[in-house]
Novice: 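Here it is, the structure in full.
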Amino acid sequence: MTADSPRPITDHTSHPAWLPDDAFAAIGSRRVVVAGDGALAGTVAEEVAAATSRFGGAFSRLEVGDGVADAELVLTLTPPDAGGGASAVAAVDAPGTDESFRLTREAGAVVVQAACDAGLLHGLFHVVRLGEAAFDGPDVDETHAPATDLRMLDHWDNVDVHPVMGQVERGYSGGSIFYDNGFVHADLSRVERYARLLAAVGINRVAINNVNVHAREARLLTEDLGDVVRVAAVFRRWGIRVHLSVSFASPITLGGLPTSDPLDQGVAHWWVRAAARVWDAIPDFGGFVVKADSEGQPGPFAYGRTHADGANMLAAAVEPYDGLIHWRAFVYDHRQDWRDRSTDRARAAYDHFHPLDGAFSDNVVLQVKYGPLDFQVREPLSPVLAAMPHTRVALELQITQEYTGQQRHAVYLGPQWSQILGFRFWDPAGREGGSPTVADLATGRAKAVEDPGTGTWRKPAGGFAAVSNVGDDEFWTGHPFAQANLYAYGRLCWDPTLDPAAVLDEWAGLTFPGAPDAVRQALHAVLDRSWETYEQYTAPLGVGFMVRPGHHYGPDVDGYEYTPWGTYHFADRDGIGVDRTVRTGTGYAGQYPGPWSAAFESPSTCPDELLLFFHHVPYTHVLHSGKTVVQHVYDTHFEGVARVEAMIEAWSAVSGHVEPRVSERVSERLAEQLRSATEWRDQVNTYFLRKSGIPDERGRTIF
Ligand code: GCV
């Protein structure tokens, strides 16, 4: 037996998030064996060695097949042939994917087996999450596998500081962990700590630059590829593959060609050569992310080509390396005339992409934002998710809180994502074994469903992608509680059926080990309903936006009303909302499969929370709740602020039990949340009162 020297994992410069040293106490105090080769088995061994040296356990690195008689925890690539606790280990039941692992516990001995070293790494972190519970309780024999192979994070980090968007577009956590004012950091230790956190929640792909690819960022593909090689080497140690966002105009801007027409031979060859260089330097490179014909980014439309033409040309270039093209469906006209009521931004993605279903190559993933507009606190699900049965579709979420409080407000998004993942397009009632959920569509489990009328769904699936909320802030995420969102995203990608409250519990237990139970309870009191609370004090009933143009923080009810962005609420003295019906409106409601297009078409069947997204109604319209629209607005806005006050109370009662630096940052952010929520309440209520002339039936102060 040989013990590897432990690699230091303590990080004194940034908050450890969900991997403080104490999270490893249960493992570290035991006799642990790691057996097997492979880079990630080495990472596992280093983690275990560090933990056992810290907590007084014993660590052995074995050859596969060596005896492990005394071990309390065995992490092995292939079954060891030994007695004792590990004697119960049977042959590995060929795991379904590279990342799966089998966990057994018999007579107190725990064994994690995996066919590949990635599975071993995920198995290790599974045991970390379980803590002491991993070693207690009845015997178990479980196989764990991720719901999808594609569990990706997108960074909107700029290499250069952008004059308007800064170092990280829509970043609320300081600077970038990758870049500093035009350069890739020489010291990537922060990236390494990040990669470790991501591996611990199951993320396995990261796109490291903004989808808005400016001149400087474009060069990551060519002359600065060496920097990408360095970043990829860091992520590789944690089972994570690196992707790059690329500009569709690269053949022109980087290659000096006169065109980037996807059907031009020279263009196609340019991409073939670019891809060859990338994979030559980074053999496990993941692929390219493309934002085309969107908000000023170049794309195939300039040449009269379709998005399938564009995506497939790139797909052919990366296909020899099993590379992927993540092609974003966020395509709409951002130069709309607000006077034109027939153009509807919500329609755009479906109108562009539904006709192309079946036209994309196998290695193209169509990445679709969850809603048809832009990551609002409440939107209907994008109908594109249901309209592409012959396309690999990825669900795109936004962890960075662009429209949900910008990490100054405590908003736990797990419940929103869970609701999205469980949504059923074809059978709202959700019959057992009935129509697929959004998670089924994204993970390829919807393949057998005939109900959509379009035959079987194609595999492999597109998986998940989300915009990261991390920066070089001491707490990674600005608001320490925003760490819970990153954590929850990873866990829900691995298993979309997890209960978000249970995930929050897991995060709280790991992040605040040893804290009294009152802390866990306070975190639930603050976070469990915080998504709903944020919705209460901001834009009502699915109407969306009402934010300050540009930076998108704080209320500005008419801020986008007369702009070209296509995000309107159409309030007048009689009513508010957007008529998106087929009968009298933009027709958007007709983009849904039967049950939902019918439900959304009529105010009498449209869910209250989406009423103003689909209908223009009088302020006196009575909701299913029995309240009028205007009274609902008043009530929810007063209640939302009261709930923030209760959040502050709940946190104040326990804040002394956590590190002062955490407690101070949280208290400071909660104070800002209350200030901002009050501003939202007063502006929105005042707007509705002035427009409608209808007073609050409870006579509360509105200005
Ligand atoms: C990266 C919204 C954001 C933009 C973002 C865009 C996108 O419009 O405000 O900052 O650009 O979405 O998703 O591409």
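Positions are given from 1 along the sequence. Values reported hereafter were calculated over all heavy atoms of this structure, with side chains retained and with hydrogens, waters and symmetry mates removed. Note that the structure is predicted; figures quoted are calculated from it, not measured. When a ligand or atom number is given, it counts from 1 through the structure's own listing order.
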Novice: Can you confirm whether or not the ring centre of Y403 sits under 6.0 Å from the ring centre of F545?
Specialist: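 Centroid separation for Y403 and F545: below 6.0 Å.
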Novice: Has R345 got its NZ or CZ under 6.0 Å from the middle of the six-membered ring of Y332, at an angle within 45 degrees of the ring axis?
Specialist: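 Yes, R345 and Y332 form such a contact.
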Novice: Measure the distances from the heavy atoms of Q297 to every atom of ligand 1 and state whether one is below 4.0 angstrom.
Specialist: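 So Q297 does not count as touching ligand 1.
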Novice: Decide yes or no on side chain to side chain contact (heavy atoms under 4.5 Å, CB included) for M313 and W271, but give the supporting numbers first.
Specialist: CA-CA 8 Å; M313 179 272 295; W271 281 108; 3.4 Å; yes
Novice: Under a 4.0 angstrom heavy-atom cut-off, which atoms of ligand 1 come close to F330?
Specialist: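 Listed by number with element: 6 (C), 7 (C), 8 (O), 12 (O), 13 (O), 14 (O).
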Novice: Can you sort out which atoms of ligand 1 are near R170, meaning under 4.0 Å from one of its heavy atoms?
Specialist: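 That gives atoms 3 (C), 4 (C), 9 (O), 10 (O) of ligand 1.
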Novice: Is the terminal nitrogen or CZ of R580 (NZ for Lys, CZ for Arg) located under 6.0 angstrom from the six-membered ring centre of F613 and within 45° of that ring's axis?
Specialist: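 Output yes; distance and angle both within limits.
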Novice: Measure the shortest side-chain to side-chain distance between H243 and M152 over non-hydrogen atoms and say whether it is less than 4.5 angstrom.
Specialist: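 Contact flag for H243/M152 side chains = yes.
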Novice: Could you tell me whether the side chain of F475 reaches within less than 4.5 Å of the side chain of R665, counting heavy atoms only?
Specialist: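 They are in side-chain contact.
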Novice: Which residue and non-hydrogen atom of the protein lie closest to atom 9 (O) of ligand 1, and at what distance in Å?
Specialist: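 Of every protein heavy atom, E402 OE2, 2.6 Å lies nearest to atom 9 (O) of ligand 1.
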Novice: For atom 4 (C) of ligand 1, which protein heavy atom lies nearest, and how many Å away is it?
Specialist: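 Residue, atom and distance for the closest contact: E169 OE2, 3.4 Å.
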Novice: Taking the six-membered ring for Trp and the single ring otherwise, decide whether the centroids of H307 and F353 are under 6.0 Å apart.
Specialist: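 Yes.
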Novice: Could you tell me, atom by atom, which parts of ligand 1 come under 4.0 Å of a heavy atom of N210?
Specialist: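 Counting atoms of ligand 1 from 1, those under 4.0 Å from N210 are 1 (C).
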Novice: Give the residue and atom name of whichever protein heavy atom lies nearest to atom 12 (O) of ligand 1, and the separation in Å to one decimal.
Specialist: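 Its nearest protein heavy-atom neighbour is K369 NZ, 3.0 Å.
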Novice: Specify the protein heavy atom at minimum distance from atom 14 (O) of ligand 1: its residue, its atom name, and the distance to 0.1 Å.
Specialist: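 Protein heavy atom with the smallest distance to atom 14 (O) of ligand 1: K291 NZ, 2.6 Å.
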Novice: In terms of ring plane angle, is the pair H409 and Y537 parallel, tilted or perpendicular, where the classes change at 30° and 60°?
Specialist: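 The arrangement is tilted - the two ring planes meet at 30° to 60°.
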Novice: For the 3.5 Å polar cut-off, considering only N or O atoms, please tell me whether N212 and ligand 1 meet it.
Specialist: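 Yes; the residue has a nitrogen or oxygen that sits under 3.5 Å from a nitrogen or oxygen of the ligand.
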Novice: Show your reasoning for whether ring-ring contact (aromatic ring centres under 6.0 Å, His included) applies to Y568 and H616.
Specialist: CA-CA 11 Å; Y568 314 120; H616 187 91; over 10 Å; no
Novice: Considering only the protein, which heavy-atom contact is closest to atom 6 (C) of ligand 1, and what is its distance?
Specialist: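 Ranking protein heavy atoms by distance from atom 6 (C) of ligand 1, first comes E295 OE1, 3.3 Å.
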Novice: In terms of atom number and element, which parts of ligand 1 are under 4.0 angstrom from non-hydrogen atoms of V211?
Specialist: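 Answer, ordered by atom number: 1 (C), 14 (O).
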Novice: How far is atom 2 (C) of ligand 1 from its nearest protein heavy atom, and which residue and atom name does that atom have?
Specialist: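 Among all protein heavy atoms, the one nearest atom 2 (C) of ligand 1 is D374 OD2, 2.9 Å.
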Novice: Can you tell which part of V467 has a heavy atom less than 4.0 Å from ligand 1: side chain, backbone, both or neither?
Specialist: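 For V467, there is no contact with ligand 1 at all, from either part.
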